[in-house]
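Accompanying notes for the structure given below.
Just the heavy atoms: all of them, side chains too, but no hydrogens, waters or symmetry mates, feed the values below.
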Amino acid sequence: MLGVGFYFANKHTDERDYYTGGGKLSAGHVGLSVVATDVGGGFSIGLGGVGFTMGLSGSWLLFTGLIGAWLSAVFLIPRIFDWQRERGSYFLTLPQVFQFLYNKKVALVAAIICIIGYTGFTSSQFLAGAKLSSAAFPAIDTQTMLWIMGAIAVFYTMLGGMKAVIYTDTVQWIILLGGLMLIAIPVAYFKLGGFEGIQPYLSDDKLSLKNISWQQIVNWSVTIIPIWFVGMTLYQRIFACKDAKTAKKAWYFAGVLEWPMMAFTGVILGMLANVAIQKNLVPIEGGILQDVELGLPLLIKNILPVGLTGVVMAAYFSAVLSTADSCLMAASGNVVGDLIPKHKKQNSKSIIKMSKLATLLIGLFAILLASKMENVLSLMLYAYAFMVSGLLVPVLAAIILKKRHPLPALVSMITGGSVSIGLIIADMELPYGLDANVFGLSAAVLSYGIVFIFKS
C-alpha cells in the first residue's frame, strides 16, 4: 500500500488530478473503490457483530447499500454531469456542487458538515482495526496498533492522492473477498463440523431472513440509503469518471458487490463465530462475550491455522485502510477546496502541498478520536446520521424542484444536523425505538418545506 503511494507521489499535475484522478478512471476500478470505501472495515467488523446477534437477517443492513447505489445511479449521477455542463467546469468537492446550486453560505455549511462527518468516519475505521488487533494479537497494545495503522493509511493517502486511494482500494477489496470467502468461511465451516455440527447451535430465527423489526429496517434505510446522495467520498468517485455512463456502470457493479456478496459473507462469519463460542472452541473470559463485534476476530484467531490467519487478518486490515483513506481524501478535499480562499492557492504545487498537510492533520486528529471511542458500528452510524440529516434535503430538492432557494437549504442543513447530533448526545430513549437520524431528517424536511413556502 505504501508502495502505491510512493508510485503516485510526484505524478499530480493539479488539484483535480490529486482529488479526482483527473476524471479519467475506469468503471471497474471506480466500482471496486466505491464498495471498498462504503463497506470497509467498519461494516466488515459491524456485520460480524450483527450476524452474531441476528443471523442471516443482518444481511439486510447492506441491502440498503444496493438500493442506495442503484437509486443514485438512476437519479443523481445524470444530474451531476448535467450540472457540470451547466457550470462549464468540473466539480472537485460536494460543497462546490452546493455553491453552484445555491450560494457560498450553503457551501460553507456543507463543507463543515462533511469535515466533521468524515473525520468521525475515519476514526471508526481506525477503531475497527484496533479491535481486530486487540483480539487477534494480544501481544500488541490496542493503542499502539491504532497508531501503526493510522500512520500507514495517512502516509500513502497523503503521498498518492485519489489515484493511490482508488488503486489500493482495488487491491484491498480483492484481498478482502478472497480472504473471507475462499479461506475464512470454508475453513471455519469444516472446523465446526460442517452443517451437522453447526445447525444445532443456531436457532430458527438465526437462519431466517425475517428476524428483523420494522424499526430496524427504517433505521438502516434512513441512515444508509441517503448516504449515496450526500457522501463526499462517492461524489469524488463520480467526478473521477469521464462520463455519466462510466459512473453508472461503476455504481451498479458496486451495488451487487455489497448485496448479496459482502452482506452474506459478513453475517455468515458472525454466525460461525457464535457457534464456535457455544462449542467452547473460542475461549471467552467469564464465558460471556461482552462485545459481539469481537466474535469474528476471535474466531479467526482460534479456528484458522497459522499462515491462513495472517491472510484473513490482512483482508480485514485492507478493509479498514480502504475506507480510512477515502474518508481522509474527502475531509482533506473539503478543507483545501472549500475552506481555503482562492487567493492563497497560488499554483498547483502549493495546492498539492496544502492538500498533503490537511490530510496529515485530519488523519492525526482521527486517530486521537478513535483512541477515545469504543463501538465501531455506533461511531460510524453517528457520522452517517450527521451527514445525512444535514445534507440530504438540499440535494433532493435540487433534483426534484425547479426552483432553488438558498435560505430553505441553509435552514434545513443546520436544523437536520443539529437535531440528529443533539439527540445522539442527549442519549435519550426515542419513540418507537427509532434512531436520532429519523427525527433529524424529518426536521430537515419540515424546516425546508416551511421556509420554502414562505420564501415563495
Validation row: [X], [Y] side chains within 4.5 angstrom (heavy atoms):
| X | Y | answer |
| --- | --- | --- |
| W251 | V34 | yes |
| W220 | I225 | no |
| L434 | N219 | yes |
| W228 | L71 | no |
| F98 | L391 | yes |
| R404 | F100 | yes |
| T223 | V388 | no |
| I362 | V335 | yes |

Could you grab the distance from atom [atom1] of [X] to atom [atom2] of [Y], nearest 0.5 Å is fine?
| X | Y | atom1 | atom2 | result |
| --- | --- | --- | --- | --- |
| Y189 | I303 | OH | CD1 | 14.5 Å |
| N302 | T309 | CG | OG1 | 9.0 Å |
| D338 | M232 | CG | CE | 6.5 Å |
| M387 | L392 | CE | CG | 12.0 Å |
| S326 | L234 | OG | CG | 9.0 Å |
| L281 | K191 | CG | NZ | 9.0 Å |

Indicate the atoms forming the closest heavy-atom contact of [X] with [Y], along with that distance.
| X | Y | answer |
| --- | --- | --- |
| L92 | Q236 | O-CG, 4.1 Å |
| I421 | F386 | CG1-CD1, 3.1 Å |
| L410 | V106 | CD1-CA, 4.0 Å |
| P394 | M413 | CG-CG, 3.6 Å |
| V35 | A254 | CG2-O, 3.7 Å |
| T122 | L328 | OG1-N, 3.8 Å |

Got a donor-acceptor contact below 3.5 angstrom from the [X] side chain to the [Y] backbone?
| X | Y | answer |
| --- | --- | --- |
| R237 | A240 | no |
| S72 | F229 | no |
| T119 | A366 | no |
| T157 | V154 | no |
| T233 | C327 | no |
| N437 | V222 | yes |

Going by atom type alone, with no hydrogens or angles, which donor-acceptor pairs under 3.5 Å involve a side-chain atom of residues 425-433 and a protein atom two or more places apart or on another chain?
none

Decide whether S420 and S389 meet the rule of one side-chain donor and one side-chain acceptor closer than 3.5 Å.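 Yes.
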
List in chain and number order the residues that pass ring-ring contact (aromatic ring centres under 6.0 Å, His included) with Y235, two or more places apart in sequence or in another chain; answer none if no residue qualifies.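 Y235 satisfies ring-ring contact (aromatic ring centres under 6.0 Å, His included) with no other residue.
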
Please assess L446 against T415 for the test side chain to side chain contact (heavy atoms under 4.5 Å, CB included), listing each intermediate value before the final yes or no. CA-CA 10 Å; L446 190 61; T415 304; over 6 Å; no

Quick check on [X]: does its [atom1] atom have over 12 non-hydrogen neighbours (other residues, nucleotides or ligands) under 6.0 Å away?
| X | atom1 | answer |
| --- | --- | --- |
| W70 | CH2 | no |
| D243 | CG | yes |
| K279 | NZ | yes |

Please lay out, stage by stage, how F253 and V30 fare under the test side chain to side chain contact (heavy atoms under 4.5 Å, CB included). CA-CA 9 Å; F253 180 40; V30 173; over 6 Å; no

Taking the inter-plane angle between the rings of F239 and F91 on a 0 to 90° scale, is it parallel (under 30°), tilted (30 to 60°) or perpendicular (over 60°)?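 Answer is tilted, since the angle falls between 30° and 60°.
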
Parallel, tilted or perpendicular, as decided by the 30° and 60° cut-offs, for the rings of Y448 and F452: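 Rings of F452 and Y448: parallel, as their planes differ by under 30°.
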
Pair up each side-chain donor or acceptor in residues 174-181 with any protein partner under 3.5 Å, not counting sequence neighbours, and list the distances.
none

Just list the side-chain donor-acceptor pairs under 3.5 Å for residues 255-263, sequence neighbours left out, or say none.
none

Output side-chain donor-acceptor pairs under 3.5 Å for residues 50-66, partner residues at least two apart or in another chain, one line each.
from	atom 1	to	atom 2	distance (Å)
T53	OG1	G49	O	3.2
T53	OG1	V50	O	3.2
S57	OG	S208	O	2.7
S57	OG	L209	O	3.4
S57	OG	K210	N	3.4
S57	OG	N211	N	2.8
S59	OG	L56	O	2.7
W60	NE1	L209	O	2.8
T64	OG1	L61	O	2.5

State which residues pass side chain to side chain donor-acceptor pair (under 3.5 Å) with T170; sequence neighbours excluded, sorted by chain then number.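 H29.
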
Stepwise side chain to side chain contact (heavy atoms under 4.5 Å, CB included) check, M149 with I367: CA-CA 9 Å; M149 292 191 65; I367 296 170; over 6 Å; no

